[in-house]
Amino acid sequence: MPPLSQPDERRLTNPVIPGFHPDPSVCRVGDDYYLACSSFEYFPGVPLFHSRDLVHWTQIGNVLDRPEQLRLTGTWSSGGIYAPTLRHHDGRFWLIVTNCTEGGGNFIVTATDPAGPWSDPIWAPGVPGIDPDLAWDEDGTCWCTVAGVSQLRIDPSTGQTYGTPERLWSGGPGAKAPEAPHLYRIGDYWYLLIAAGGTERGHGVSIARGRTPNGPFEPCPDNPILTHRSTDHPVQNTGHADLVQGPDDSWWMVFLGVRPGGGTPGWHVLGRETFLAPVTWVDGWPVVGEVTLDLPELPWPLVPGPVEERRDDFDHAELRPSWISVRDRPAELCTTKERPGWLTLRARGISLDEPDVVFTGRRQQHQSCRARTLVDASEGSGGLAVRLDEQHHYEIEASGTQVRVVARVGSLRTVVAEQSVPAGPVVLAVTVADPPSPHGPCTGPDVVSLGVEGPDGTFNALATLDGRYLSTEVAGGFTGRVIGMYATAGAVHFDWFDYEPLSG
Ligand code: 6LW
């Protein structure tokens with residue numbers, strides 16, 4: 001394959017954490033910043049990032065990486081883990097989060113090192129609903145505020161709640177889904193930051209302030225303080241935010257947004273991503289600066305962290321933290337120990353349509369990219385898939401000396417192309433690229449080509465498919481595309497996996 005130009009990942013660009021990384025919650029401890037996101041039906045759950053400059057974020061682990069912490073049995077797509085709040089208090093990291101799976105609920109985990117290990121869950125059955133927040137007042141009382149927006153007192157070390165939830169704020173007139181509350185003591189006020197308008201094109205961020213953590217709260221006269229509703233801004237659905245101070249103590253906001261592509265109504269395929277915007281204060285209210293794809297120069301030194309190697313050779317016993325599986329990842333079904341230097345997946349179901357498919361992938365983080373993997377399918381069937389959920393995925397699957405491209409869109413499932421390949425390991429490849437010009441109102445956001453590589457590295461596309469069917473606007477839900485390896489029969493071995501960004 002010819003060499004491809006690589007984008008410079010050290011530029012000051014938004015999103016600061018691209019790909020399906022929604023509901024960011026951030027906290028600062030001295031010179032270090034930590035940020036956690038939602039993870040839904042994927043295991044391990046709650047990716048955790050570290051930064052020293054708010055722009056370059058390195059994933060240092062996953063908060064929920066043991067089955068005792070995270071049971072996703074029976075979880076539907078976009079069920080599971082919603083909207084964590086990450087805080088540092090009294091020398092410990094505290095994370096409160098919701099498992100929306102039946103039998104789940106709200107729970108707290110704690111750690112002294114954010115890279116882990118995190119504790120087993122401390123369940124808080126008295127906390128209703130979703131989007132829990134933790135805030136401590138001056139006398140050490142901890143308040144848990146949830147979507148709605150209501151609040152109750154909690155002992156975070158036991159999960160015990162006191163009293164019944166008190167309604168704090170409806171989010172203002174006409175705003176549906178008041179959610180994602182975060183409560184902060186800033187100067188003389190307690191500020192209640194929320195999202196409102198729903199997590200789609202109407203999304204926004206509003207704020208209110210009061211003299212106590214329990215209100216009464218006075219809404220900001222300029223609410224919503226952030227929204228891109230009814231604009232043609234390239235970043236849409238902006239909302240679900242958290243506030244943080246930069247190294248120079250200036251204020252910043254992390255929030256989720258999407259980058260729709262194609263004609264009308266626009267399709268976003270990477271899920272909800274984490275963005276950064278500057279905040280100033282006017283008359284005791286935060287004012288959110290312009291959201292730009294090229295961030296302004298920062299008044300503090302940049303500290304780029306380690307960047308993940310594009311190739312994973314599967315030479316280590318533990319998988320990188322960016323690898324995620326659907327629902328669970330039992331060692332007997334996903335291991336690098338069986339054939340050293342290879343990842344072995346052992347099938348449990350018979351297709352990617354099943355919610356407990358054995359699939360290990362990474363988020364698609366760039367609007368154009370290429371993924372490749374060397375597969376030995378002599379003992380089974382499996383391959384390389386672009387997955388939005390169990391009903392929306394494209395894959396190229398090898399089985400002995402046959403490869404085929406399968407497309408699943410809603411209730412339709414089609415074998416799009418089939419071809420014989422020589423016996424032995426084969427390189428399967430997927431390229432996501434801009435749709436062909438000219439663009440019209442009906443043009444999709446991108447095209448997904450699936451094929452095999454010849455011995456000289458030439459890419460032979462078996463099929464090129466419209467990317468809109470693997471978008472949130474078609475599939476629904478809260479996640480984004482994940483590209484990865486899977487097994488649908490027997491054992492399938494993967495020697496390496498490459499992911500190359502071809503654009504931002
Ligand atoms: C989350 C809610 C939201 O619980 O979407 O955009 C939900 N905001 O706050 C799922 O991520």
Side-chain angles (χ1 to χ4, degrees), residues 15 17 19-26 35-42 45-47 63-64 72 75-86 95-101 104-107 124 127-134 144-151 168-171 175-183 192-207 224-229 235-243 253-260 268 270-275 277 288 291 324 363 388-389 472-473 475-482:
I17 308 182
F20 139 52
H21 290 110
D23 308 327
S25 179
V26 66
L35 187 149
C37 296
S38 301
S39 49
F40 303 97
E41 74 266 31
Y42 290 97
V46 186
V63 171
L64 308 176
L72 294 168
T75 301
W76 64 99
S77 282
S78 289
I81 293 294
Y82 282 28
T85 294
L86 176 65
L95 184 125
I96 185 163
V97 70
T98 316
N99 185 344
C100 290
T101 300
N106 288 293
F107 66 93
V127 174
I130 59 167
D131 297 359
D133 173 79
L134 294 178
C144 180
T145 312
V146 294
V149 173
S150 58
Q151 183 186 69
L168 296 185
W169 188 30
S170 68
K176 79 166 182 181
E179 58 192 10
H182 290 307
L183 188 64
L192 177 59
L193 184 78
I194 67 160
T199 195
E200 304 83 22
R201 295 291 191 269
H203 213 195
V205 178
S206 291
I207 197 161
I225 58 170
L226 171 65
T227 187
H228 287 175
R229 64 181 72 130
V235 182
Q236 291 288 316
N237 303 24
T238 50
H240 200 123
D242 204 359
L243 288 169
M253 178 179 272
V254 292
F255 56 94
L256 70 77
V258 305
R259 294 181 284 167
H268 76 273
L270 300 182
R272 299 169 302 157
E273 309 176 277
T274 287
F275 289 80
V288 185
V291 177
I324 49 174
R363 291 151 168 96
L388 207 280
D389 64 20
T472 299
E473 284 76 4
F478 296 128
T479 63
R481 286 189 194 156
V482 178

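Whatever order the structure lists them in is the order used to number ligands and atoms, beginning at 1. In this text the structure is predicted, and so the values were computed from the model without any measurement.
For the pair Gln151 and Val146, the minimum side-chain heavy-atom distance is 4.5 Å or more. Side-chain contact check for Phe255 versus Leu226: some heavy-atom pair is nearer than 4.5 Å.
Contact residues of ligand 1 (protein heavy atom closer than 4.0 angstrom to a ligand atom; sorted by chain and number): Asp23, Phe40, Tyr82, Ala83, Ile130, Asp131, Glu179, Ala180, Thr199, His203, His240, Leu256, Arg272, Phe478.
Among residues two or more places apart in sequence or in another chain, the salt bridge (Lys or Arg N to Asp or Glu O under 4.0 Å) test is passed with Asp242 by Arg87. Partners of Glu273 by salt bridge (Lys or Arg N to Asp or Glu O under 4.0 Å), not counting sequence neighbours, listed by chain and number: Arg259. Not a single salt bridge (Lys or Arg N to Asp or Glu O under 4.0 Å) links Asp131 to another residue, sequence neighbours left out.
Classification of Glu200 and Arg229 as a salt-bridged pair fails, no side-chain N sitting under 4.0 Å from a carboxylate O.
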